A.B. asks: 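Would you mind keeping the following structure in view while I ask a few things?
The sequence lines fix the lettering, A, B, ..., with proteins before strands; numbering per chain opens at 1. As the structure is a computational prediction, the values presented were derived from the model and not from experiment.
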Number of protein chains: 2
Amino acid sequence: MDNIQLIKGSCFELNKEIADESIDLIVTDPPYGMSFVSNIRKIKHRPIANDDNLLWLPEWFKDQFRLLKDNSHAYVFCSWHNIDVFKIQASNAGFQLKNILIWFKNNAGQGDLFGDYAPQYELILFLTKGRKLLNGKRLSNVIRCPKTGNENHPTEKPVPLIQLLIEKSSLQGDLVLDNFFGSGSCAIACSNLNRRFIGHEIDEERFNDANKRVQMILSQTKLF
Amino acid sequence: MDNIQLIKGSCFELNKEIADESIDLIVTDPPYGMSFVSNIRKIKHRPIANDDNLLWLPEWFKDQFRLLKDNSHAYVFCSWHNIDVFKIQASNAGFQLKNILIWFKNNAGQGDLFGDYAPQYELILFLTKGRKLLNGKRLSNVIRCPKTGNENHPTEKPVPLIQLLIEKSSLQGDLVLDNFFGSGSCAIACSNLNRRFIGHEIDEERFNDANKRVQMILSQTKLF
DNA sequence: ACTACGGTTGAATCCTGAA
DNA sequence: GTTCAGGATTCAACCGTAG
């Protein structure tokens, strides 16, 4: 059985195949519910699946709570636009919202150029099921990390950022779940840190890209 | 008539004396609804009035909306603990939530030392009534500013931070409202920037302290 | 190690014009 | 009138390179 499992398909279906309380850590970047299509690039990226509404969110959070072991952590990215919905639904599902972390990016986004402040952060819900201590020294809830990304994955999360979260909340050999792995940053972080990984991605093209990216890392790892 | 008016009493009552659409800008730091009593200091500070629940929030936001001129801005501090309530009630009152700013402090707070990330920011709701452009160059929605404060006012907001918000969203001579002026930072910022100010504080001791602080600034200003 | 400088980028929103 | 789709737009911060 592979330690890094990338599965193509809908997490809403595929989660049913995962046993209750079998996951040590959740790190995921779900659709924000913003119908986001970047307009900055000449070639527009494809819309993000399930990004047009958040009707799936309540059941999804409940499923995450079911899958996670007791005394474990979950990190869920979101934006301030829907922070109220994410916060309320995470609580409804049984999670304790322990903190809201700030991913403070290197450069700002666009938006209303004259009537608004420039967006330069994203939020990360830090959720707990039971009580678990964080590894290592105490960190701030404002985390500075340069953005990565490309035309195919404008919402890609930096591997170093994901690695930080994984190291704070899991040990080697632990099983990490990411229902929306997108560009595959979490899989790569898990590979780098010797965590087991199971992830889902419904978009075929994104799945293939991430698969290539991960396979390249895995093959490099084997070489040394 | 004084340009800087500090009024002792409940804003819920005293707002009734203010005419509709007579305020150019709102900058305020209401009770966060956390029943916050600091354990850090030897002399525990007195509980914050109206901090045991947020039942007053819907009507308060509606009143703020009534008082504010069209095409104007409001800045309301809050913490992530109740961001959902603040966000929803601000919208219900008619405001557009244009952004959520991050006040990124220089040093972190306490809290759960082993099971949590250290709190190092506070949130500021950036609300609009109608459309108004920001003055000056485009700023990030993450604002770095060192924390100030003392034993009497553990939640004191830095004058430079308040001045930044006031300068972005108002002109000289404009009238700024702060229903919960606490340590009086907003009054001082207004004095420094030649804005008119009207503010309320229900706690007698805090009112007196702020009054002294402001009178000292005003008397210094007159000397030169 | 430090400074200077050019190149690149951005989970967006507004406005316009067509339907 | 109203909705909707598509195009145009900021500049500050950061990075990499060179001196």
A.B. asks: Please determine if a side-chain N or O atom of B:R138 lies less than 4.0 Å away from the OP1 or OP2 oxygen of D:dA13.
C.D. replies: no
A.B. asks: Using only side-chain N and O atoms of A:K105, determine if any of them is under 4.0 Å from OP1 or OP2 of C:dA11.
C.D. replies: yes
A.B. asks: Cation-pi check, A:K129 to A:F65: give yes when NZ or CZ is under 6.0 Å from the six-membered ring centre and within 45° of the ring axis, no otherwise.
C.D. replies: yes
A.B. asks: Give A:P47 one of three labels, base, sugar-phosphate or nothing, depending on what nucleic acid heavy atoms sit under 4.0 Å from its own.
C.D. replies: nothing
A.B. asks: Parallel, tilted or perpendicular: which fits the ring planes of A:F180 and A:W60, with parallel below 30° and perpendicular above 60°?
C.D. replies: tilted
A.B. asks: What about A:N107, does its side chain sit under 3.5 Å from the base of C:dT9 through a donor-acceptor pair?
C.D. replies: yes
A.B. asks: Under a 3.5 Å cut-off for both distances, is D:dT9 Watson-Crick or wobble paired, and to whom?
C.D. replies: C:dA12
A.B. asks: Heavy atoms under 4.0 Å, any strand shown: does B:K98 hit a base, just sugar-phosphate, or nothing?
C.D. replies: sugar-phosphate
A.B. asks: Any idea how A:F207 and A:F181 line up, ring-wise: parallel (<30°), tilted (30 to 60°), or perpendicular (>60°)?
C.D. replies: tilted
A.B. asks: Between A:Q110 and A:F104, who's closer to the 5' end of DNA chain D by nearest nucleotide?
C.D. replies: A:Q110
A.B. asks: When you match A:L113 and A:N106 each to their closest nucleotide on DNA chain D, which lands nearer the 5' end?
C.D. replies: A:L113
A.B. asks: I want to confirm an ordering. Mapping A:K157 and B:R131 to their closest nucleotides on DNA chain C, which one lands closer to the 5' end?
C.D. replies: A:K157
A.B. asks: For C:dT13 and A:H81 - does any side-chain N or O of the residue sit under 4.0 Å from the phosphate oxygens OP1/OP2?
C.D. replies: yes
A.B. asks: Looking at every strand, decide which applies to B:L139 at a 4.0 Å heavy-atom threshold: base, sugar-phosphate, or nothing.
C.D. replies: nothing
A.B. asks: Using a heavy-atom cut-off of 4.0 Å across all strands, would you classify A:S79 as base, sugar-phosphate, or nothing?
C.D. replies: nothing
A.B. asks: Indicate the ring-plane relationship of A:W56 and A:F12, choosing parallel, tilted or perpendicular according to the 30° and 60° boundaries.
C.D. replies: tilted
A.B. asks: Applying a 4.0 Å non-hydrogen cut-off, can you work out what A:D29 is touching in the nucleic acid: base, sugar-phosphate, or nothing?
C.D. replies: base
